[in-house]
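Proteins get letters first, then strands, A, B, ... in listed order; numbering begins at 1 in each. This structure is a prediction, so every number in the text was calculated from the model and none was measured.
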Amino acid sequence: MLDKNDQVVARLTKLDKFHEMGIEPYPHHFKRTHHSDSLKENKEALLKSEEKVTFAGRVVRFNRKGKMCFMHLKDRFGRLQVVCAANLLEDNYEVVKLIDLGDFIGVEGTMMETQSGEYSVKAAHVTMLSKAVRPLPVPKEVIDENGNKTVFHEFKDVDTRYRQRYTDMALNDDVRDVFIKRSKIMQSIREYLIEKGFIEVETPTLQPIYGGANARPFTTHHNAADMTLYLRVAPELYLKRCIVGGMEKVFEFSKNFRNEGMDRTHSPEFTGLEFYEAYADYNDMMVHFENIYERACIAANGTTKVEYQGKEIDFKAPWPRLTMAEAIEKYSGLKIASLSDDDMKNELSKRGVKLDGIWSRGRAILELFECTVEEHLIQPTIIKDMPKESTPLCKTHRSEAGLIEQFEPYANGWELGNAYTELNDPLRQRELLEEQVARGRGGEDETHPMDENFLHAIESGLPPTGGVGFGIDRMIMLLTNQQTIRDVQLFPLMKPE
RNA sequence: GGGCUAAUAGCUCAGCUGGUAGAGCAACGCCCUUUUAAGGCGUGGGUCGAAGGUUCGAAUCCUUCUUAGCUCACCA
């Protein structure tokens, strides 16, 4: 071991004692008849019947009192006290003396109540299941009559918590709960899409050409093929190929990678969900989107409402829809239609925004939206009908010139996703992608390289299609009231110490 | 990338304007058969994030670096 302190040495000494006694401190298996919750649920019956139970978990409290010992074992459902009295253990109180906080042990016994009334396992036999040789910094806690928990010496150093997430999860129940909710949310989304007839697919993470989002990629190299590969920034272009192939309704949970800054809402690797439906348009996608959110919120919290950092947000569908122009007018009083380009420049510079690259009215509108509207969209709202400059992958608006059929749902001032009536006109698609490549040379930062195979697919015939992409991590943050993306990712990226 | 802040025992933290490091929990030893942050007596444990500098003397002051947090910028 790299670092041995007195506590590690003490535990290693205990480990030797197990070996001397001929006891395996790391057995292969332990048969549990009950978890902590099933023991609690069947309290009356178990107390009465005194039937034999077995129960296992991690030692999180340990009081030795002479030849008697009280401890709490924690499994994934909670914690429960175990009472070990030397005269009641068949033969192995010696084992109890070698137990430390953090060890995994199993007990066999019957249920009882202590003199102070705490429901406990009365152990007849104790089995060491895994001796921990490093100390687990278990905090002490008190739960008062009202059920409020006070924790003393809580393990809370943020740096250590992320680097040792196993310790964090083992000690901090609320951390583990976030990831349990995350699993429930993912499952509810999957169930919804499968109910609606979507097929789950997996598309390449390693891509020879990246695309589908404006973002800088991570680059890697394939040795045998001697080729440069990119980690995907989005699965979009492959999923559309699936629609071309006739799958009609597909979805993918996709780990995406973007080589950009990290902050409270951005991580270099994050989970996206995208789904595409043939013969549907963006109006149909809005309904899926709000349904998924509503259902996920119920899956996580049992209701459509969530308290996020002091604000109550209600995800109940349907959500109000505003066009981008309506939203700008509502929150800034500016009527886009009656503003000249010069007025627009003035309004932007008044707000401290400058546009680089070539002037375009559409990009100015997008900027104006960002600085006047976004922060006000606390309750779920769907913003639709963006200027055509927003993206090259979306279809022109059926009735409004200069706009496209794109929508972005917002809540808590955050963009939750991005969706279109997908562009399926191959000539128009080529034109727009070429324009974007050309603009890239002109100096705009982030653009896609040309993906000829994708164009080939669209040229082969993409049916009318609606598509949605959305950020799972932000969704988990909102639905579990977490302030940073790192608190909803199990093992966030950390620089080496 | 810029600004601000932090890093001291396994954990949580004190340590003021410089004088060779301290508490609680945890650990170790002894006592204790109904504890609830159990208790009593005793013991050990530190390259004070790293490297330089100032000084007779640095955890403390200065510089640089590392890591993290907040924040701004960038970014869906």
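No engagement by Pro139(A) is indicated, since no non-hydrogen atom pair under 4.0 Å with the nucleic acid exists. Using a 4.0 Å heavy-atom distance criterion, Arg161(A) is classed as making no nucleic acid contact. Among the protein residues, Lys122(A) comes within range of no part of the nucleic acid, since none of its heavy atoms lies under 4.0 Å from any strand. No engagement by Arg474(A) is indicated, since no non-hydrogen atom pair under 4.0 Å with the nucleic acid exists.
Checking rU34(B), rC70(B), rG69(B) against the side-chain heavy atoms of Phe70(A) singles out rU34(B) as nearest. Picking from rA27(B), rA38(B), rC74(B) the nucleotide with the shortest atom distance to the side chain of Ala10(A) gives rA27(B). Side-chain proximity of Met494(A) to the nucleotides rU35(B), rA68(B), rA27(B) is greatest for rA68(B). Set against rC25(B), rU34(B), rU71(B), the side chain of Arg264(A) has rU71(B) as its closest nucleotide. Comparing rA27(B), rU36(B), rA73(B) by their nearest atom to the side chain of Ser116(A) picks out rU36(B). Side-chain proximity of Thr114(A) to the nucleotides rU36(B), rC75(B), rU33(B) is greatest for rU36(B). Closest contact between the side chain of Lys156(A) and the listed nucleotides rU12(B), rA38(B), rA68(B) involves rU12(B). If you check rA27(B), rC75(B), rU35(B) against the side chain of Gln81(A), the one that comes closest is rU35(B).
Looking at Gln7(A), its side chain comes within 3.5 Å of the base of rA26(B) through a donor and an acceptor atom. Within 3.5 Å, a donor on the side chain of Glu118(A) pairs with an acceptor on the base of rU36(B), or the reverse. Side chain Asp157(A) to base rC11(B): no donor-acceptor pair is found below 3.5 Å. Interface remark: the Asn5(A) side chain does not form any donor-acceptor pair with the rG10(B) base, using a distance-only criterion of under 3.5 Å. The base of rU35(B) lies outside donor-acceptor range of the side chain of Gln115(A), with no N or O pair under 3.5 Å.
The ring of Tyr308(A) has its center closer than 6.0 angstrom to the ring center of Trp414(A).
Close to rU35(B), at under 4.0 Å from its OP1 or OP2, lies no side-chain N or O of Asn63(A). Between Lys65(A) and rU34(B) there is a side-chain polar atom (N or O) within less than 4.0 angstrom of OP1 or OP2. Between rA38(B) and Lys140(A), a contact under 4.0 Å exists linking OP1 or OP2 to a side-chain N or O. The shortest distance between the side-chain N/O atoms of Arg11(A) and the OP1/OP2 oxygens of rG10(B) is not below 4.0 Å.
Rounded to whole Å, the C1' atom of rC65(B) lies 28 Å from the corresponding atom of rC75(B).
Atom pair Phe62(A):CZ and rC25(B):C1' shows a separation of 16 Å (rounding to whole Å applied). Note: CD (Glu375(A)) to P (rC72(B)) measures 12 Å, nearest angstrom. One interatomic measurement links the two molecules: CD1 of Ile99(A) to P of rA26(B), which rounds to 16 Å at whole-angstrom precision.
Nearest heavy-atom pair, Gly467(A) versus Glu422(A), reported as atom, atom and distance to 0.1 Å: CA-OE2, 3.2 Å.
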